[in-house]
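Below is one structure, written out as structure tokens, with a few remarks after it.
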Amino acid sequence: MGVNSGASAINRLLQTNNSIAEKFIPTPAKTTVDTILSHLEAGRLKKAVSLLFAAPYPFDLSLYGRLFQLCTASRAIVEARKVESHLITNYDPPPTFFLNRAIEAYGKCRCLRDARELFDEMPHRDGGSWNALITAYAKGGSPRKTLSVFLEMNRSEFSPSEVTFASVLGSCGILLELGFARVVHGVIVKLGYSDNVILASALVDVYGKCDKMVDARRMFDEIHRPNAVSWNVIVRRYLEVGDERESISMFFQTIIEGVRPLTFTFSSALVACSKRQAFLEGIQIHGVVVKFRYEDDGKVANSLIGMYVKCNDVVSARKIFDQSNEKDLFSWTSMVSGYAMAGRLKEAQELFDKMPERSIISWNAMLAGYVRSGQWEEALSFIFKMRQKIKDADSVTLNLVLNVSASLSKLEFGKQAHAYIYRHGFESVISVNNAVIYMYGKCRDIKGAKYCFYNMSCRRDTISWNSLMNSLAQHQMSEDVMAMFFEMQKETTPNEYTFSILLAACANVFAYNQGKEIHGFMIRNGYAIDVVVLGALFEMYSKCGHLEYAIKIFKNAKPGDVILWNSMIIGCCRVGKATEALDLFALMKETGVQPDNVTFQAVFNACISKGYVDEGKRYFDAMISEYGIMARLEHYECMIKLYTRYGSMNELDNLFKIMPFEPTNSILIRVFDACKKYRNPRLGEWAAGKLNKLNPPVRYHFKITDKSSITTLKLLFSQSDKGSRSL
DNA sequence: GTAGGGTTAG
């Protein structure tokens, strides 16, 4: 709009000059042409056409061309018809080339009947007329018709040209007509059009859309000098088939080849980075954005925000968000989602409240944040607020709502959601149905879960089976789970999660043989023993009393997941296998998995149960200096437990010198106790003093007696303020 | 002279 008003100002200026010049040579026809032209330049199509329509004489043909062009661009059907009618009444025979432009304009206006009618009534047709009709169908949203007219053309006296093939390939892409495209490809090669970059790019596009990336790439590699559109196509197609790596790589190749990428290409490449969480590549693309001065493009900025958000760099995302002059619903929603997914719910909610407008996606993003962080009560009240403000929910909302109902075990609320789903036809969405099954299962309504499972109006998938089996497993119905597993295989393929459910069911009823069978089944059928499965296998073997075997499997797998290592080490400690726990810790180090604070807590506990005081101290020192993990209060508690239990009073004393926390009640009691047992009056008195400060009415009195080997607390109550006295 | 690709959010 701004550009137009600028242009019209210039036009007004030009017009004034013209009228001065025309004062001397007044020719009415020329004045009309100029007025029409000035209207055209100012984008006033209607005025231009009505002037034309009022004049009962022919104009220069180029004027009709320009008029049709503008009709096409602004999809003005009424004007297009008027221009056509003026053309045919004032030219006999009307020139074919300009009638072809009329056909094109009708196509762009999606008035395909006008296009076809004109085509049929034309006194003379040329190849361009066929092309115009084919283009009209392609642009007018009738790809099927495009192909049939193409076949019709092949039967006529005219041969298809490069222009024809371009539209035809576009329609093949929409219809995913791979066979048709291959035939067209053959004809293109035969006619010697292979070097045409537009046709080659269109072929890359069709093959890509038909999921034939090998063909697409081969086609692309044959292009001598791919242009920005060619690169855009290949980057986009790799992204859409899920090969984000190649998509990103081709983006960088574009730069290397010295081609300036389109804004679209930046967006595609950045989405590819988001999907793979390719942070470093994302930053580099950001650099390219700056280099090519695309920073101010709103869409590119939004893609950058999305990339940073998905790569967990909310700060960088926020910087771009704040700098953007074209903030829209997308920018706001991405940013809210970024905070929400990072668990920064306060900031998310603050931004959400400030949003100038919100879509269902914005609401879902906020709700998803509460769900992801497990803030169920907050999620529930957000849902109530949401219900007041907006009427509609979509499948994502319903999934989240069901998730909240399940986690809070709110069966009635879940049932309301189910009723909504039923009334609004969401039963045809598999993921929603699966969430309903999950909800009933979690709310301990097995009947409801089963009812939904067996009544699924859409096809059941693996997740549907898993949902029901999981709820059965959680209710100790292990036999039913097993039975379902056999049923399931007739209908769909189990996945890794299925097996973890089965293994949990086996663990519950100590079904060792069945568990072993499942393990074997997975190995024979090439299933990945992922983190979840490994955890389930370990649980099953250890619960069934075969910890050695569980450890063996774990040692072979050597997963890269610290949480799983932790649960293994903790598991060993729990059943008294402290040596194995420390053994696993060594292996973990060897495998290159970084231990975390939980790992060390488990390690210290192993040392406590074995009485490894020196090792414990070494681990503690290593944790701080070698692994750079800050010692938490929990770690100090472990060490204090270790030193007090085994009487390392000097070490205990040293530990208190470096401990940055105030000792807690339980720590002090433990110390107090140990000092009695190991006869350390200085530390004992210190502990007693601290305890007395912490517990005003209670009095601890440190006194070593002969019976001090019996570790009992001497609790001394003071009746008054006179001081403590021994009971 | 007519033709190809097509952005971003849960």
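Residue numbering restarts at 1 for every chain, and letters A, B, ... go by the order of the sequence lines.
- At the heavy-atom level, Asn232(A) lies under 4.0 Å from base atoms of the strands shown.
- Sorted by first then second residue, the salt bridge (Lys or Arg N to Asp or Glu O under 4.0 Å) pairs that include residues 334-349 of chain A, not counting sequence neighbours, are Arg344(A)-Glu347(A).
- Residues forming a salt bridge (charged side-chain N to carboxylate O under 4.0 Å, His left out) with Arg182(A) (at least two apart in sequence, or on another chain): Asp215(A).
- Within the structure, side-chain hydrogen bond (donor to acceptor under 3.5 Å, both in side chains) pairs that include any residue of residues 269-284 of chain A do not occur (at least two apart or interchain).
- Residue pairs that meet the salt bridge (Lys or Arg N to Asp or Glu O under 4.0 Å) test with at least one member in residues 246-260 of chain A, sequence neighbours left out, are Arg217(A)-Glu246(A).
- Residues from residues 327-335 of chain A with heavy atoms under 4.0 angstrom of DNA chain B, sorted by number: Leu329(A), Phe330(A), Thr333(A), Ser334(A).
- Of the residues in residues 268-294 of chain A, those placing a heavy atom less than 4.0 Å from an atom of DNA chain B are Val271(A), in numerical order.
- Of the residues in residues 120-134 of chain A, not one places a heavy atom less than 4.0 Å from an atom of DNA chain B.
- The side-chain contact (heavy atoms from CB on, under 4.5 Å) search around Ser167(A) returns Ile134(A), Thr135(A), Ala138(A), not counting sequence neighbours.
- For Ser62(A), the side chain to side chain donor-acceptor pair (under 3.5 Å) partners at least two apart in sequence or on another chain are Asp60(A).
- Under the side chain to side chain donor-acceptor pair (under 3.5 Å) criterion, Ser337(A) pairs with no residue, sequence neighbours left out.
- Within residues 336-360 of chain A, the residues having any heavy atom closer than 4.0 Å to DNA chain B are, in order of number, Ser337(A), Met341(A), Ser359(A).
- Applying the salt bridge (charged side-chain N to carboxylate O under 4.0 Å, His left out) test to Lys209(A) and every residue at least two apart in sequence or in another chain returns Asp205(A).
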